Amino acid sequence: MKERGIVYLVGAGPGDPGLITEKGMLRLKSCDAVVYDSLASDLLLKAVPDHCEKIYVGKRAGFHSMKQEEINQLLVELAEKGRKVVRLKGGDPFVFGRGGEEILALKKADIPYEVVSGVTSAVAALASAGIPVTHRAISRSFHVMTGHTLSEEGTLPPDFNAFASLSGTLIFLMGLGNLPLIVSGLMDQGKPGTTPAAVIENGTLPGQKVVRGNLLDIQQKVEAFGVKSPAIIVVGETAALDFSSTGKQPLEGCRIGITGTPSFTGKLHKELSSLGGTVEYLLSLSLQSYRSDERMQAAYEDLKSYTWIVFTSANAVREFFLGLMEQGEDHRALGHIKFATVGKGTADELLKYGFRSDYTPKHYQVIDLAEGLRERITKHDRLLIPRSSRGSRELNQILNETEADYDDVVLYDVRKEGREEEQAKGKRADITKEFDYITFASASGADAFFEEDSLAALKSLEGLMVVCIGDITAQALEANGRKADLIAKEYSIQGVAKAICQHWSEKTNGRKGV
Ligand code: SAH
């Protein structure tokens, strides 16, 4: 008999991907299928294994949402196929999350399940806005209610009055559309119009908005600031407190979309996230290696004849050494060779293989690399340039003016990976609204971004700061019709991070929140 699967009901936390629990993350990292809705962060979905099937069941413009019964059925079917399924739910699965209904269906089908509790937005969105749910001498309790079913017939449910007369912090989820009804209901029960009230949109997320006021003016403020769902309403004395964090990271609130190959974007993601940025993979490129192709093979066999090897990317360094090992060679085959690298990132990668770069230009640009090489080589030199198929021609032009001999060999290529996930979410059309910056790390990455529909791609970059790792990438971008806004001074991950940090701090200094 086929092994039965299992369903993990995992709370994803309130939105900030850092607020998922360690256990939830563990389940995500080892599941075969994840069933998620709109409150789930893209970053969490990136944590699942490559083979994992991602099934979107939420509501989003242009997509039909699944009915709860259909979701229940889906979970049962997946588990019956023997899959380990994560049902990822915003906040905590049992806080207005319909987790209980899913469990009843699983129980009925005799499918094992586990509940992994999550940080609920009912507490975390408030904390993020600086509103403590309780505070000594001010609020001794907090109460959470759904505002969703309130106005089905435009009336308040009978237990609302009891709720309204409680003295602690009153918290309404899914209540934004019914705010006027909630306010009047509370005042009818004797809450003074001066009672502090706040509304938090997108709590813990980069687009977080907090509007504060009192029962009398909160609705008008919500309208004035265009507050939208998902939002939480807080009523009570603590809503007037502001304990929001003051020790902010340099990239706090900054949203960055990154493009490139996994080896690069993985590290860039880490660097930018550690600085407090919210980072999302926008376009993944995969590396196609040609290290076993004839021309590279010939180069490996003829290493003795070369005096310099020129690396114009960290990918080239990695691929070159992988190929060298596969040839049954080792570092001794390179003892007589000098190395030139285009920038710090490439030089650092080379150092990992135990070699110092003999020449790295001051400005990390191919043209400077070529000029520097020109001064260092003679007609007795022979250079090997193992690089991407889209390498800059400037290098060839300058080397052609020297008497040295060189071999420009294609070692790898980068290609665009499928965007199925983005399509499923129907959200890439307008990345402008979601990001402050987008980074490009190679000419091929820039080209790939414009590949399918260059006009739509151009439009999607309107109003965004476009960051390039170096001049070559910037040139490729310009050839596609878009000038780079920022070019990293240092050709490395740290260089990109520095450029963004500097710009973001200039932009946010002096800018006060709503
Ligand atoms: N299970 C979830 C709640 C699901 S109900 C939890 O524990 O958080 C959906 C409602 O939660 C939304 O309508 C909104 O009121 C609230 N909500 C969820 N995430 C939110 C966020 N990041 N900011 C503000 N409200 C949020």
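For ligands, and for the atoms within them, numbers begin at 1 and follow the listed sequence. What you are looking at is a predicted structure, and each value in this text was computed from that prediction instead of being measured.
- For the pair Ser442 (side chain) and Gly445 (backbone), a donor-acceptor distance under 3.5 Å is present.
- Judged by distance alone, the side chain of Asp217 and the main-chain N or O of Asn214 form a donor-acceptor pair under 3.5 Å.
- Other residues, nucleotides and ligands contribute over 12 non-hydrogen atoms within 6.0 Å of the CD atom of Glu114.
- With hydrogens and angles left out, the side-chain atoms of Ser313 and Asn315 include no donor and acceptor closer than 3.5 Å.
- Inspection of the Thr238 and Thr169 side chains reveals an N or O donor paired with an N or O acceptor under 3.5 Å.
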Using a cut-off of under 3.5 Å, which N/O atoms of ligand 1 pair up with protein N/O atoms, and what distance separates each pair?
| from | atom 1 | to | atom 2 | distance (Å) |
| --- | --- | --- | --- | --- |
| ligand 1 | 1 (N) | Gly90 | O | 2.9 |
| ligand 1 | 1 (N) | Asp92 | O | 2.9 |
| ligand 1 | 1 (N) | Val95 | O | 2.7 |
| ligand 1 | 7 (O) | Asp92 | N | 2.9 |
| ligand 1 | 7 (O) | Thr120 | OG1 | 2.7 |
| ligand 1 | 8 (O) | Thr120 | OG1 | 3.4 |
| ligand 1 | 8 (O) | Ser121 | N | 2.9 |
| ligand 1 | 8 (O) | Ser121 | OG | 2.6 |
| ligand 1 | 15 (O) | Met174 | N | 2.8 |
| ligand 1 | 15 (O) | Ala231 | O | 2.7 |
| ligand 1 | 17 (N) | Ser121 | OG | 3.3 |
| ligand 1 | 22 (N) | Pro14 | O | 2.8 |
| ligand 1 | 22 (N) | Gly203 | N | 3.4 |
| ligand 1 | 22 (N) | Gly203 | O | 3.0 |
| ligand 1 | 23 (N) | Gly203 | N | 2.8 |

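- Classification of the Phe450-Phe440 ring pair by plane angle, with boundaries at 30° and 60°, yields parallel.
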